[in-house]
2 protein chains.
Amino acid sequence: MNTLVAPTPEAGSKPAQILDAAGKLFLDHGYGAVSMDAVAKMANVSKATLYAHFGSKDELFRAMVACVSKGQTLVAICEEAKRLDVADGLRLIARHFADLVMSPRAMAGYRVVVGEAHRFPELAQAFYEAGPAKTMEQIVGYMVEVNRKGQLSIPDPQLAAEQLVGLVKSHTHLRYMLCLADRPSEQELNRIIDGAVNLFIKGYAA
Amino acid sequence: MNTLVAPTPEAGSKPAQILDAAGKLFLDHGYGAVSMDAVAKMANVSKATLYAHFGSKDELFRAMVACVSKGQTLVAICEEAKRLDVADGLRLIARHFADLVMSPRAMAGYRVVVGEAHRFPELAQAFYEAGPAKTMEQIVGYMVEVNRKGQLSIPDPQLAAEQLVGLVKSHTHLRYMLCLADRPSEQELNRIIDGAVNLFIKGYAA
DNA sequence: GTCTATAGGCGGATAGAC
DNA sequence: GTCTATCCGCCTATAGAC
C-alpha cells in the first residue's frame, strides 16, 4: 500500500532527527532551495551520516513527504456525524475538514508537493491517496448515510462530497496556498462554514 | 498597478523569444529545475544576451510570471450573464471560469507560483491580484446584480461568489494541481457545472 | 547587442579514518 | 555508524572581443 516509506524510525534516533529537520526545511523553503548541508546541519549530523540513511536528496524528500502524509483522517468524525442531525453533522465535518486542510502544516505540504508534482508524479499520487482521497472516501460515506436516512436528498454522493469540500475550501484555500495569509481567523472560518452548511442543506433539502 | 513588468516586448524580438522559452521551461519544470543555459538554448540566444535583458534568474522568473499572469478575465462574460436568466447566467460564468482556471496553462501557472510562494511572496501576491482577485471581483459584481433584481436572495455577495468558485473547482482542481490528470473531460466538466448551478440556485432561491 | 569563453562557488555525493 | 575532508560537476553570472 504505502510503498514509499520504511516504518517510522524510533523517535530520537538519527534517522528521526534527519526526517524532522528535512520536514521543517523542505516544507518551509521548498525542495530546490534546501541543500543537504542545511539538512545535515539542522539535524546535528554529518553529511556522510545523512547519506548513509538516505541515499540521495530525492530519496530523503520522498521519505519526508511520506512521513508527513500520514495525517489524521476524518474517520472518527464522520462516524460521529452520522449520529447527529444533518446540520450538526455537516458542521462537525466541515469544521474538522477546515482545520485539517488549512492548518499551516497541511498548507506547507500542499505547497511543496504541488510545486514538485511535475518532477515527482508518483509522490504527488501517493500524497493524494494518503490524504485527500482518504478524506473524500469518508465524506462520501457520510453522504450515502444521510441520503439513506432521508435527511437530505442526495442522488450523487460523490458529487455532493466534492461540493462540500469545495464550499469549505472555497476561495480561501487558494489564498493560503499562495502564502497571502497565515491561517484563517476564527471569524472567517465560521463565516465560511456556516455559509457552506446553510447552502448545502437548503440545496439538498429532501 | 502592475509593477512587475515592462510593456510586453514586441513579438519576435530577442526578449520575446527569451520570455517565451522561459515560460515553457519554468511552467513545465519549475523554477529550481531550469537552468539559464537551458533557457538560452531554447531561446536560441547566448547566455550573455539573456543576462543583458534580464539581470538575473529571479528577474527572468518574475518577468515570465507577470507575462503569463496577464490572463483574460471574466469581464465580458459577467456582463453578458447579467442579461440572461439566473440559470443560464450562472452556467455561463461557471463554464468560462472552469475553462479559465483548469486550462493546462493556468494549472502550470498555479503550480509554479504556489511552489515558489515562500521564496517569492510579492510575486504570489501580484499573481493573485492580476488573476484570481480580478475574477472574483467580476463574479461578486454579478452576485450583487442578481440579488438586486431579486432573481436570487443573496445577503452576502462576496461569500456567494467564493462559494460558486469553490463549487466549480470543487475537488477536481486539486487533482489537476497534483498532475493526477491532464484536464477534465467534457463529461466531467458538465457534471460539475450542472451540479454547482443546481445547488446554488436551490440554495439561494428567493 | 551579441557572441565565446571562463570565473567562481555552491551543492550533491564519496573516500577513508575511527 | 559516524565523523572530517574532499572531489567534481553544474549553474549563475561576467569579462572581453566583435
Side-chain angles (χ1 to χ4, degrees), chain A residues 5-67 112 115-116 118-120 123, chain B residues 5-67 112 115-116 118-120 123:
Chain A
V5 70
T8 307
E10 47 178 325
S13 66
K14 288 279 160 78
Q17 287 174 42
I18 294 170
L19 273 179
D20 195 48
K24 284 186 184 125
L25 290 172
F26 281 135
L27 290 178
D28 277 0
H29 306 291
Y31 179 81
V34 172
S35 71
M36 293 297 261
D37 291 80
V39 176
K41 193 169 177 183
M42 172 171 278
N44 278 96
V45 176
S46 77
K47 251 204 299 188
T49 302
L50 202 172
Y51 275 96
H53 290 279
F54 304 92
S56 69
K57 187 179 177 181
D58 279 21
E59 193 179 322
L60 176 60
F61 184 64
R62 285 176 223 274
M64 182 280 273
V65 171
C67 184
V112 70
E116 302 299 328
H118 264 129
R119 276 204 291 171
F120 299 93
L123 190 61
Chain B
V5 70
T8 307
E10 50 179 323
S13 66
K14 289 276 161 78
Q17 288 175 40
I18 294 171
L19 273 179
D20 196 47
K24 285 187 182 123
L25 290 172
F26 281 135
L27 290 179
D28 278 0
H29 306 290
Y31 179 81
V34 172
S35 71
M36 293 297 261
D37 290 79
V39 175
K41 193 171 179 182
M42 171 170 279
N44 277 96
V45 177
S46 77
K47 249 199 306 185
T49 301
L50 203 171
Y51 275 97
H53 290 280
F54 303 92
S56 69
K57 188 179 178 182
D58 279 21
E59 192 178 324
L60 176 61
F61 184 64
R62 283 175 225 273
M64 182 281 267
V65 171
C67 185
V112 70
E116 302 299 328
H118 265 127
R119 273 205 294 171
F120 299 93
L123 191 61

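Chain A is the first sequence line, chain B the second, and so forth, proteins listed ahead of strands; every chain is numbered from 1. Keep in mind it's a predicted model, so treat the numbers as computed, not measured.
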Under 3.5 Å, which N/O atoms of the protein pair with N/O atoms of nucleotides 5-11 of chain D?
none

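- The nearest whole Å value for the distance from the CZ atom in B:F54 to the C1' atom in D:dT14 is 18 Å.
- Rounded to the nearest 0.5 angstrom, B:S56 OG and B:M36 CE are separated by 6.5 Å.
- Under the salt bridge (charged side-chain N to carboxylate O under 4.0 Å, His left out) criterion, B:D37 pairs with B:K47, not counting sequence neighbours.
- Separating the CG atom in B:L19 from the CZ atom in B:F26 is a distance of 10.0 Å, to the nearest 0.5 Å.
- The structure places CG of B:L27 at 8.5 Å from NE2 of A:H118, a figure rounded to the nearest 0.5 Å.
- To the nearest 0.5 Å, atoms CG (A:L123) and CE (A:M64) are separated by 8.5 Å.
- Within a heavy-atom distance below 4.0 Å of DNA chain D, the residues of residues 39-46 of chain A found are A:V45, A:S46.
- First and last contacting nucleotides of DNA chain C toward chain B (any atom under 4.0 angstrom from a heavy atom, 5' to 3' order): C:dT2 to C:dT4.
- Under the ring pair (Phe, Tyr, Trp, His ring centres under 6.0 Å) criterion, A:F120 pairs with A:Y31, A:F61, not counting sequence neighbours.
- Here the straight-line distance linking atom CZ of B:R62 with atom CD of B:E59 works out to 8.5 Å at 0.5 Å rounding.
- Here A:L25 contributes atom CG and A:M42 contributes atom CE; the two are 4.5 Å apart, rounded to the nearest 0.5 Å.
- The ring pair (Phe, Tyr, Trp, His ring centres under 6.0 Å) check on A:F54 picks up nothing, with sequence neighbours excluded.
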